[in-house]
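These notes are about the structure you will find just below.
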Amino acid sequence: MKTKNILPAEFSMPYSRKDFLKTGALLGATSLLPANSIFSASVLQSPFDKIVDDTGTFVLGPLPYNFDTLEPHMDAETLELHYKFHHGGAVKGANKDAAKIRETLENGDLETVDFWTHKLAYHLSSHVLHSIFWTNLNAKPSQPRGALLKAIERDFGTFDKFKSLLTKTSTGVDGSGWAIFGYQAFSDRLMIIPCDNHERLTAWGLVPLLVIDVWEHAYYLKHRNRRGDFVDALFALLDWDNARARLEAVRKLIA
Ligand code: MN3
């Protein structure tokens, strides 16, 4: 079904293969991705990932690696289920919610629309965070450097202190949720905050640079109830060059 675009313009930024090729080198390993990867495209152009197609329909973009690429730190079975069913389910849900909201606008009966707006907040936030999460992982080890390292040291003291706060925030999420490391655009500061579910708890203006999914579906098959083990393992996969590219992109956007 064709849907109308209800999102702000930044979610529908035009992207061309030429632009990708021009800027692809910026991200090192990311430039090895297929040129049609909406994930690889987005971060090169803007801190906002392209999560819709040209008609405004939410789409599940391709993973920037194979299901077994992140082994042994993240097992293939977990990754496949996570991507197809959890992220994929959120995409389907967001499209349904948006359609239901349009329906209520068309028929003028807003009596129960809050059910769908709540659902859309949940599903769309899940879609956005998972889309970012996949790009934040890379089998190739990296370290924070350049503008990212400078900003981390300014706002957290040292990378070790930053890492301990990110670990503590990730493991400390109540129930299902995320740890969000982001750039607070109004104050030009980096922040780490927990997020409950996908849509609860934020600081307005916070643009995610690196997100850690600590829902049980992200680790239960391999790590059972040991979320701390999962977070420790995840550190081997975090793509700091991706986070740095996001920081540079958002700073450029608001400069
Ligand atoms: Mn998840």
Side-chain angles (χ1 to χ4, degrees), residues 11 37-40 42-43 47-52 58-97 118-139 166-182 192-202 206-239 242-243 246:
F11 282 95
S37 165
I38 61 168
F39 292 118
S40 60
S42 57
V43 74
F48 299 107
D49 295 66
K50 186 167 173 5
I51 60 166
V52 292
F58 301 113
V59 286
L60 180 65
L63 268 185
Y65 30 70
N66 296 323
F67 292 128
D68 62 356
T69 305
L70 306 180
E71 294 264 15
H73 308 292
M74 186 178 286
D75 61 288
E77 189 183 9
T78 297
L79 181 54
E80 184 169 0
L81 290 169
H82 195 172
Y83 168 73
K84 284 186 181 168
F85 296 102
H86 294 281
H87 185 182
V91 173
K92 278 186 197 148
N95 281 318
K96 180 179 176 180
D97 308 334
H118 280 76
K119 284 273 199 190
L120 180 61
Y122 175 88
H123 286 132
L124 179 52
S125 298
S126 173
H127 182 22
V128 169
L129 289 175
H130 281 107
S131 298
I132 297 170
F133 182 55
W134 306 132
T135 73
N136 287 156
L137 304 178
N138 196 321
L166 185 58
T167 304
K168 177 75 178 166
T169 306
S170 304
T171 54
V173 168
D174 289 327
S176 301
W178 299 74
I180 313 275
F181 165 46
I192 294 173
I193 54 166
C195 164
D196 290 350
N197 279 348
H198 306 292
E199 80 289 18
R200 297 178 190 151
L201 299 183
T202 187
L206 187 69
V207 179
L209 305 176
L210 188 142
V211 296
I212 296 182
D213 187 344
V214 290
W215 281 64
E216 282 185 347
H217 65 231
Y219 60 86
Y220 208 82
L221 283 182
K222 183 177 168 80
H223 298 285
R224 299 299 172 201
N225 56 323
R226 296 181 300 274
R227 183 188 280 177
D229 290 358
F230 165 66
V231 172
D232 286 346
L234 206 61
F235 267 93
L237 297 173
L238 296 181
D239 186 342
N242 182 268
R246 288 175 180 279

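Order of listing sets the numbers, starting from 1, for every ligand and every atom in it.
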Check: Tyr122 main-chain N/O paired with Ser126 side-chain donor or acceptor under 3.5 Å: no
Nearest non-hydrogen partners of Val52 and Lys50, listed with the distance: O-NZ, 2.8 Å
Main-chain N/O of Ile51 paired to His127 side chain as donor or acceptor, under 3.5 Å: yes
Parallel, tilted or perpendicular: ring planes of His82 versus Phe133, cut at 30 and 60 degrees: tilted
Total protein N/O/S atoms whose distance from the Mn ion (ligand 1) is less than 2.8 Å: 4
Where Tyr65 and Trp134 come nearest, the two heavy atoms and their spacing: OH-O, 2.8 Å
Full working for side-chain hydrogen bond (donor to acceptor under 3.5 Å, both in side chains) between His223 and Asp229: CA-CA 7 Å; His223 298 285; Asp229 290 358; 4.8 Å; no
